[in-house]
Amino acid sequence: MGKKRRLLRQMADKAGLPPGSLHYVGEHASQTLATLIEYGPGEQDLRETCFSSLEQGKGFNPTYPTLWLNVHGLGNIDLLQEVGRRFGLHPLTLEDILNTTQRTKVEAYEHYLFIVAKLGRFDAAQGCVVNEQIAIVLGRGWVLTFQEQASGTFSQIREHLRKGAGQVRKLGADYLVYALLDKIVDRYFGVLEALGEQVEALEDEVSEGAHIGVLKRIHALRREMLYLRRALWPMREVLNSLQRDDADYFGAETQIYLRDVYDHAVHLIEAQEMLRDLVGGLTDFYMSNQGNRLNREMRMLTVIATIFMPLTFIVGVYGMNFDHMPELHWRYGYYLVWALMGAIGVGMGWFFWRRRWL
Amino acid sequence: MGKKRRLLRQMADKAGLPPGSLHYVGEHASQTLATLIEYGPGEQDLRETCFSSLEQGKGFNPTYPTLWLNVHGLGNIDLLQEVGRRFGLHPLTLEDILNTTQRTKVEAYEHYLFIVAKLGRFDAAQGCVVNEQIAIVLGRGWVLTFQEQASGTFSQIREHLRKGAGQVRKLGADYLVYALLDKIVDRYFGVLEALGEQVEALEDEVSEGAHIGVLKRIHALRREMLYLRRALWPMREVLNSLQRDDADYFGAETQIYLRDVYDHAVHLIEAQEMLRDLVGGLTDFYMSNQGNRLNREMRMLTVIATIFMPLTFIVGVYGMNFDHMPELHWRYGYYLVWALMGAIGVGMGWFFWRRRWL
Amino acid sequence: MGKKRRLLRQMADKAGLPPGSLHYVGEHASQTLATLIEYGPGEQDLRETCFSSLEQGKGFNPTYPTLWLNVHGLGNIDLLQEVGRRFGLHPLTLEDILNTTQRTKVEAYEHYLFIVAKLGRFDAAQGCVVNEQIAIVLGRGWVLTFQEQASGTFSQIREHLRKGAGQVRKLGADYLVYALLDKIVDRYFGVLEALGEQVEALEDEVSEGAHIGVLKRIHALRREMLYLRRALWPMREVLNSLQRDDADYFGAETQIYLRDVYDHAVHLIEAQEMLRDLVGGLTDFYMSNQGNRLNREMRMLTVIATIFMPLTFIVGVYGMNFDHMPELHWRYGYYLVWALMGAIGVGMGWFFWRRRWL
Amino acid sequence: MGKKRRLLRQMADKAGLPPGSLHYVGEHASQTLATLIEYGPGEQDLRETCFSSLEQGKGFNPTYPTLWLNVHGLGNIDLLQEVGRRFGLHPLTLEDILNTTQRTKVEAYEHYLFIVAKLGRFDAAQGCVVNEQIAIVLGRGWVLTFQEQASGTFSQIREHLRKGAGQVRKLGADYLVYALLDKIVDRYFGVLEALGEQVEALEDEVSEGAHIGVLKRIHALRREMLYLRRALWPMREVLNSLQRDDADYFGAETQIYLRDVYDHAVHLIEAQEMLRDLVGGLTDFYMSNQGNRLNREMRMLTVIATIFMPLTFIVGVYGMNFDHMPELHWRYGYYLVWALMGAIGVGMGWFFWRRRWL
Amino acid sequence: MGKKRRLLRQMADKAGLPPGSLHYVGEHASQTLATLIEYGPGEQDLRETCFSSLEQGKGFNPTYPTLWLNVHGLGNIDLLQEVGRRFGLHPLTLEDILNTTQRTKVEAYEHYLFIVAKLGRFDAAQGCVVNEQIAIVLGRGWVLTFQEQASGTFSQIREHLRKGAGQVRKLGADYLVYALLDKIVDRYFGVLEALGEQVEALEDEVSEGAHIGVLKRIHALRREMLYLRRALWPMREVLNSLQRDDADYFGAETQIYLRDVYDHAVHLIEAQEMLRDLVGGLTDFYMSNQGNRLNREMRMLTVIATIFMPLTFIVGVYGMNFDHMPELHWRYGYYLVWALMGAIGVGMGWFFWRRRWL
């Protein structure tokens, strides 16, 4: 039930909105928390600020070359509008950040790139894929990220920044966006693994015998594949267009890394397509198994009926009450009938054995 | 019945028409009503006129930079010809406006763009998708819209114009066309939601058990998907070609908004494709369920036959009338037979229990 | 039978021909009749000549700017060769005109365009789509058309020419070709309508119950769809390439009209694809219905067997001839057995009612 | 069996070969026979030489503008290497000529075009499509052709050359290659016709009733379609790239003829695709027929069981041996039972007639 | 089981890795062994060195124009890093060499091409396709290859180098890469042959009769096809992009050879697609056979039931104990009943013979 609601939720409430109006449509209207990290290549060039309201965040003036503002929770619309004003975001960008039913996409605005991505997670309890929206804005020297709720996906990047580990401090805002996208894409490997395990389990169950519950689960898995597919394909498109079109935001150095994430995305899609084919084959497998089972049962019924119907007929014959039935008065009549029935039984058995039914 | 007629209606009457001849082919030959709105960016720059015949509308001279003429009801061909003459419409344009079986398309004429779109609506009573035609003509500073009947879709835009709310007064004719297309595209979210609910309901019914009526409804739903698909795909094409080719009619500012509508259309198509896949999977699900049911019934029949056929044979044996049947005269013969039959019954039960049939 | 021969006929006799040799392969070797119409924009600028042999047609010298030569019946090869000589047709063009198994195509020769199209018709008696070939040659100021037999498709255009109605007299040879193509394309709307009615009728029949004859008709309809598809898709291609590539034969004015025919062709293809999907869904629908019917019959058999097998067993028990069967001598034994059997019957009924089998 | 071996043969022996090594992999290691025809446009400009060994062919010096060397049988590797040396063929070209498992392709080398094609033939005895390889090398003024064995396909062209008929003597080496390709493509019409006849025959058989042998033949026909498809599609590609890319080898005059062969290839592919769809539909048709047959048999079983089970129960009742069974002593008890059973029979009949089972 | 683990293994462990970190994810952490071959066109221009640790390989200074360093076993990360430093490999390249779950791809870095390919092998024992990763780096005058374990695939090339046979010594590093790719591609012919034999065996088994084990094997074969497909398609892409884009690494001479490998890859893909279609058709064939078998069993059951049910009814009738049953006292009643039953049996037989059931 909960899974299906997802599809509908993604459509609802969308229709009535006038363009450019701000309204949060998600379910996680938790408290808004903004984290500002400014940094440069130098070892001490890092400043980290947290604020949860407009007043707290008022005076942020960038002192280091690169600035990353991450916002958790999208309930505080005033704060978002203030952020939009400072960084010159288009009204449609703000609208898309709040409307968390956007599809994965990249859009070039006058002085920034706007990327919407989905953070995939396999909810084992409900057995379904959950996609949370994350919006990334990349300007010249600054990056904004907006999430519905804290997911811990980027904590590793934050650690790297604090420690100055890797190239993340040296290579600027474009490398930071690469690192974010890399984390987002890599999370789907876990989702695929979880689905792959389900396919594996179902294959074993179908191959052992067909229960009615298996069918429902194959159907559900197929639906999850559709959701996953819908998340992965546009991701590839986005990474492809980042590589191709907008070379001015990403330096040559970062382009090589972007190609690597793109490659991971292609890898994911291929694995997903393969899983999809496996699930599709599973349905065929299940139905053939079903057919086999039907045949087996039918064969058993046929064998039983073919053996006992003539025998029952014979005993019926000698149960008739005619005055003149010579066999009834034969001394060994009864034993002859048993012999006849034995012969018929053996003959049938030989017949079925020859046709490989037994 | 009524649904199928739709397909035929869309084809009929088309063949015999000579090119350029004007003839309204729709069903809603209601009274023609034209509404003329002229407006500019200034607060008072708005004039609204209504007329329903040629005489009333004679003297309209535009005084403000942007002019929007909306026509409801296409029965008054004289009025349409007059409009065509004033705005220099090509005979084929007028023909297409009247022939409401056009497919969604955009065509560039010498000095205007001609857009045909479909206004989708889910008719819950008939359980089918209804597409009404709307024609939009975009010239330099003027917009014409033609509908078969009043639908209230654009009343919100008219309100915005009157109040001067949003950017609609400032950005001119191209933004107005964007706003119209946005409304048209967003209406399909409701259609998809209605269909999605039907898919959800059918999934529950199939999963509970297979009734014959479900099959008919799956078949009908599949047909509605085909109609919806046929409406959505060309819409995306139209929005795409508006973005790409005809940049001279749409300003850079409006292009960003057009991209947003295009995005909505892609979103709609993805959701529709997904629903289609779900409906397709539903048929498989239904057929597997059917197969399961057949197996279950077959198993029951086999169990019954396998248990009772040998027993009936045995009681038949001792119903024979041979003179010499020693068992009949045994003191406990009758009880021994019951014991034998009991053993057979228990044996069969154990056999079926081991094969998990019981 | 007759339908299948079609496919073979289209292939046979093709293989042995040396390139450029003239040989008519169609079935309608009726008398050749050529109609020559010369016309100009002026009211009296029209001359019409008919001739059926080389001698009659000898002295045709064009006096008006546009010339249209229509030939019915392709048996008179000498006449065709004479025509080919006068208008400088390539040997391959003449070969293609006579070989009426060509596919729809357009080919640019040095000083003319050569278009092969198919004139669709639904043969209600045989229940199949008939495609007759029509060849159109468009030069500078002249148009040649070649048909296997008179079909009356162009009589309306001839009338327009005689009356000087519409733009046909004014716009020259390219507009004439447009008018011809428009007629050819529009004839397929009738074909689609006829097929659509068949789909509709079959849907009703399947939904009411599955007869064996329905299956044959679905299979036949599917085959007709394949023929129709094969006729329509290349038509779209032809119209598309006329619009794009060969702009020098078609004036800007006529291009707008060509776009309109192209649009009709796309409309036809979409409707045909939709019909095809509907027919495809019909097979599934039929097979599911079949499965339902099987289930229903199986259920009935199971109910009957499950009720009567135990009862027959019981009456068999008391038909046994053992000397010592106490029940047989009970005063109310017979009635008790009836009571027992009644209880079993009621119990079974309750069981099946609870499982919704009755 | 023989058919399947084909697929494997096409793969085997390929793997171990070092690039550029010469080794004939086909089955027809018949004697090598080379035919050299030199010709020009003049009536006497033709010289024909035959040789089967290196020594015989030593002194061939071209005296006329166009030279055609045809080689039958690929066993004589020395001769081939000599030919390769004289005409400057690349080692890979020679390797591909000998390896007769190449796919249809065209490759441009520095000073010649290398075309590999398949000569299709329907082997009626084995019921399978046989593809023999033919290699064509087109240089400036010379053509080389290599076949596994003499097939008589080109004898007509040779006749034309000898008689000087048609344009073949006038138009040079490119026209000769066109004539060869035209022959190769046209041979497939016969193959398609043979397969089409099989489809037709199978359709009739399925429609009359389902035998088990039909299924095997449908499966085999489907496989032949795959082989045919694999031969035709690359042929179209080759003809397309000859038209487009390598205009320098083919004169403008010959290009028009090439377009004609290309058209034939497209025609073949469309007919093949259609046959494939028909065969696909045939499987569905067969399976539905099977389902119908199952239903019919099930219905018969159900009718029999439903009528006789209650009757057998009733006669069982009055076969019981209770001391007190009043009906047994009624004067007309026996006749009443017959009446009862008659009523049940008529009632069942009416029931089945109303449900249209009889 | 083992087969399915493959898919999961390819995904696992991938997610947590920070970009650029070196970690070997394969299963074959055997000892690292590096073989260095330097060579030039001259007969003596060859030096071969082997080393398995950093110290041994320290002083390699190229003396001949071309250098080939092959590394078996990827456990020694220090050695790999040293190699990376010397040849200026990008950190992502090293990461991809160690992460043996990469997909087949080619990537252009600043001064080298990086190719990842899969070495296919059919594991007959497990009945599955095994793909081992091989990484190739092509610089100006040098080639690096990295394999998980020694496979002997390149020993023939090494032999050619040592003997100076073929063109491999003359044509430099690009020809060496061609030779490596040729070996890699050609190995798949063996894989396809093995799978083709399985398809052949399964076809025979299905055609003889349907066992339950066949179904499992068809399903497994289908899965192997998916794995094979996933290996072959990107290979074609890689070869295509090598031909097109990066002409500066491959000389004109080598390009001709590359085209040949590309052709082999296309050949492989076509054969694989064909096998896939055959396996797909096999499932249909199996299911139709299953249906046939069901029909045959059902028919037998129906024949048995239809013959014996009326007979059993008749003998039941004369087993009734009514006081007044005149037939019982007829002299030839018993024989008449046998005659009646014989007549019914013959009638049924004739009925079934006429319906071709016997």
Side-chain angles (χ1 to χ4, degrees), chain C residues 1 4-5 7-8 10-12 14-20 90 92 95-96 101-103 105 107 109 209-210 212 215-216 219 222-223 226-227 230 283 286-287 290-291 293-294 297-298 300-301 304-305 307-309 311-312 315-316 318-321 325 327-334 337, chain D residues 156 160 166-167 178-179 182 186-190 192-193 196-197 199-200 203-204 207 256-257 259-260 263-264 266-268 270-271 274-275 277-278 281-282 284-285 287-289 291-292 294-296 298-299 301-302 305-306 309-310 312-313 316-317 319-326 356-357:
Chain C
M1 212 62 167
K4 283 176 267 171
R5 292 276 170 231
L7 180 67
L8 301 183
Q10 294 194 10
M11 293 173 204
K14 180 92 205 129
L17 293 172
H90 195 277
L92 281 175
E95 192 191 332
D96 285 356
T101 65
Q102 294 298 311
R103 48 189 297 275
K105 65 178 174 184
E107 286 180 344
Y109 284 89
I212 177 81
L215 194 58
K216 240 179 213 172
H219 187 65
R222 189 183 265 189
R223 199 170 45 201
L226 288 177
Y227 278 98
R230 206 175 153 195
T283 317
Y286 179 87
M287 287 177 98
Q290 221 178 30
R293 197 164 183 139
L294 183 63
E297 282 156 21
M298 188 56 111
M300 182 165 173
L301 183 61
I304 293 288
I307 288 178
F308 282 102
M309 277 195 164
L311 299 186
T312 303
V315 300
Y318 296 106
M320 289 195 293
N321 299 319
M325 291 178 66
E327 297 97 321
L328 294 181
H329 310 300
W330 294 353
R331 186 160 186 89
Y332 300 106
Y334 179 54
V337 162
Chain D
Q156 207 182 357
H160 282 294
Q167 301 186 277
Y178 148 71
D182 190 49
D186 279 358
R187 268 181 74 138
Y188 279 103
F189 280 102
L192 268 175
E193 196 177 354
E197 266 165 21
V199 171
E200 198 178 328
E203 252 180 2
D204 288 348
S207 143
I256 290 171
Y257 287 95
R259 190 175 61 184
D260 195 60
D263 214 70
H264 291 188
V266 172
H267 196 148
L268 279 168
E270 284 183 354
M274 200 167 161
L275 273 184
D277 280 357
L278 285 176
L282 211 49
D284 278 8
F285 192 20
M287 287 177 99
S288 297
N289 253 340
N292 265 329
L294 184 64
N295 275 13
R296 222 161 45 226
M298 190 53 113
R299 199 170 307 150
L301 183 61
T302 308
T306 310
M309 277 194 162
T312 303
F313 164 69
V317 165
M320 290 195 293
N321 299 319
F322 283 100
D323 293 351
H324 302 281
M325 291 178 65
R356 305 195 179 205
W357 283 24

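Owing to the predicted nature of the structure, the values given are computational and were not obtained by experimental measurement. Lettering follows sequence order; numbering is per chain, from 1.
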**OP:** Could you tell me which non-hydrogen atom of C:Lys105 sits nearest to which non-hydrogen atom of D:Asp260, and how far apart they are?
**Re:**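 Answer, listing the atom of C:Lys105 first, then D:Asp260: NZ-OD1, 4.4 Å.
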**OP:** Could you tell me which non-hydrogen atom of C:Tyr334 sits nearest to which non-hydrogen atom of D:His324, and how far apart they are?
**Re:**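 So the minimum-distance heavy-atom pair works out to CB-O, 3.3 Å.
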Does any heavy atom of chain D fall under 4.5 Å from the side chain of [X], the backbone, both, or neither of them?
X        : result
C:Phe308 : side chain
C:His329 : both
C:Met320 : backbone

Subject >> Interface residue of largest heavy-atom contact number with chain D, from C:Val337, C:Thr312, C:Ile304, under 4.5 Å >> reply: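 Option with the top pair count is C:Ile304.
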Original post:
Which residue out of C:Met309, C:Glu107, C:Arg222 racks up the most heavy-atom pairs below 4.5 Å with chain D?
Top reply: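 If we count pairs closer than 4.5 Å to chain D, C:Glu107 comes out on top.
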Original post:
Under a 4.5 Å heavy-atom cutoff, which of D:Ala305, D:Pro310, D:Gly316 has the most pairs with chain C?
Top reply: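 Ranked by contacts with chain C, first place is D:Pro310.
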**OP:** Pick whichever of D:Thr306, D:Leu301, D:Thr302 has the most heavy-atom pairs under 4.5 Å with chain C.
**Re:**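 Option with the greatest count: D:Thr302.
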Original post:
What about the rings of D:Tyr257 and C:His90, do their centers lie closer together than 6.0 Å?
Top reply: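 That pair passes the under 6.0 Å test.
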Original post:
Have D:Asp284 and C:Tyr286 got a donor and an acceptor in their side chains that come within less than 3.5 Å?
Top reply: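 No donor-acceptor contact under 3.5 Å links the two side chains.
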Subject >> For D:Asp277, salt bridge (Lys or Arg N to Asp or Glu O under 4.0 Å) partners two or more places apart >> reply: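 D:Asp277 satisfies salt bridge (Lys or Arg N to Asp or Glu O under 4.0 Å) with no other residue.
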Original post:
Going by heavy atoms in the side chains, are C:Met325 and D:Asn321 under 4.5 Å from each other?
Top reply: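 The answer is no; the side chains never approach within 4.5 Å.
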